[in-house]
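The sequence lines fix the lettering, A, B, ..., with proteins before strands; numbering per chain opens at 1. Below, all heavy atoms of this structure are taken into account, side chains as well, without hydrogens, waters or symmetry copies.
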There are 2 protein chains.
Amino acid sequence: MADLGTYLRQKRETLRADDPRYSVRQVAARIGVQPSYLSKVERGHEAPPSEATLRRLAEDLDENVDMLLALGGKISSDLAQIIRQRPALFAELIRDLRDLPDHAVLRIVREVRDGNW
Amino acid sequence: MADLGTYLRQKRETLRADDPRYSVRQVAARIGVQPSYLSKVERGHEAPPSEATLRRLAEDLDENVDMLLALGGKISSDLAQIIRQRPALFAELIRDLRDLPDHAVLRIVREVRDGNW
DNA sequence: CCAAGTATGTAGTATGTACTAAACACTAAA
DNA sequence: TTTAGTGTTTAGTACATACTACATACTTGG
């Protein structure tokens, strides 16, 4: 997978192709950071932004928050909290799911959602 | 649930009841920190230690690592990495599991382990 | 009672996180 | 040709994290 900076730049440039509102400066202004900072993040000259800033970026660029956070080396604080509430249980489950293919995990998601538990 | 400091002190004092090697000084020496630091952590006068230090503590006190990390507001880095590899998928699953009772989650763990997927 | 071991108080530090602020250099339109 | 917008460079900052080092005070077995 691409690193955060590369991914952000690519996405922003794509949006910018049909909308000039997606310049570094204007995106930065909308999400509340300095353009110089966003520029550095996109080029990997700066560590990934905070969770709050990544959330605003995800919204502005219409991207999946959990994905952007992951690229920034972070995990959504609401997920972290859920895990911390039952650490041993979730740790066991997640480690067991590490090698399962996507479709198998998705099947579990669906079963849980259907209430078969 | 108790906070990290209280929990650590309780556990250490319990061990110390039949083994003088579990004084603040001696535990601190074994896990490689200053006794003053461990003392402050146990009394909640200091922020939780790093993941590495919590791991050494867990081993010395024979405690569950994921639990101590959770009490310290952290998530094991290996779990974080597993989640970051498939962020959207795991995010969905974990949020769906939030309200499931322990026994239901355990059933999933067992099914995954039995290879019924 | 005193010496050894115990816990704790106070002060300070190195590194990382998450940015800001201002200036600079380029491009294209009016 | 200047001005409005673009991205970038450089320098610096406020706060958090994760401790250390040393001094002080308590406690308990011999």
Taking distance alone, no hydrogens or angles, what donor-acceptor pairs closer than 3.5 Å link side-chain atoms of residues 78-85 of chain A to residues at least two apart or in another chain?
| from | atom 1 | to | atom 2 | distance (Å) |
| --- | --- | --- | --- | --- |
| A/D78 | OD1 | A/S76 | OG | 2.4 |
| A/D78 | OD1 | B/R95 | NH2 | 3.1 |
| A/D78 | OD2 | B/R95 | NE | 2.7 |

Test item: B/I108 and B/L97 side chains (from C-beta on) under 4.5 Å apart, heavy atoms | yes

Quick one: which of D/dA18, C/dC19, D/dG7 gets closest to the side chain of A/T53?
-> C/dC19

Are any of the side-chain heavy atoms of B/V41 and B/L57 separated by less than 4.5 Å?
-> no

Between A/Q26 (CD) and D/dA4 (C1'), how many Å, whole number?
-> 12 Å

Could you tell me whether B/G72 contacts a base, only the sugar-phosphate backbone, or nothing, with contacts defined as non-hydrogen atoms closer than 4.0 Å?
-> nothing

Rounded interatomic separation in angstrom, taking CG from B/L38 and C1' from C/dA7 = 11 Å

Rounded to the Å, how far apart are B/R16 CZ and C/dG5 P?
-> 13 Å

Among C/dA18, D/dC19, D/dT20, which is the nearest nucleotide to the side chain of A/K74?
-> C/dA18

Between B/E13 and A/V33, who's closer to the 5' end of DNA chain C by nearest nucleotide?
-> B/E13

Hey, are the side chains of A/L38 and A/E42 touching, using non-hydrogen atoms and a 4.5 Å cut-off?
-> yes

Return the value, rounded to whole Å, for the distance between atom OH of B/Y22 and atom C1' of C/dT6.
-> 18 Å

Protein-nucleotide distance (B/R12, atom CZ; C/dT6, atom P), rounded to Å | 10 Å

Atom CZ of A/R25 and atom P of C/dC26 are separated, to the nearest Å, by 15 Å

Give me, pair by pair, the N or O atoms of the protein and of nucleotides 9-13 of chain D that are less than 3.5 Å apart, along with how far apart they are.
| from | atom 1 | to | atom 2 | distance (Å) |
| --- | --- | --- | --- | --- |
| D/dT9 | OP2 | A/R43 | NH1 | 2.4 |
| D/dT9 | OP2 | A/R43 | NH2 | 3.4 |
| D/dT10 | O4 | A/K40 | NZ | 3.3 |
| D/dA11 | N6 | A/K40 | NZ | 3.3 |

Length of the line joining B/Q34:CD and C/dT6:P, which is rounded to integer Å = 15 Å

Does B/R110 come within less than 4.0 Å of A/E92, counting only side-chain N to carboxylate O?
-> no

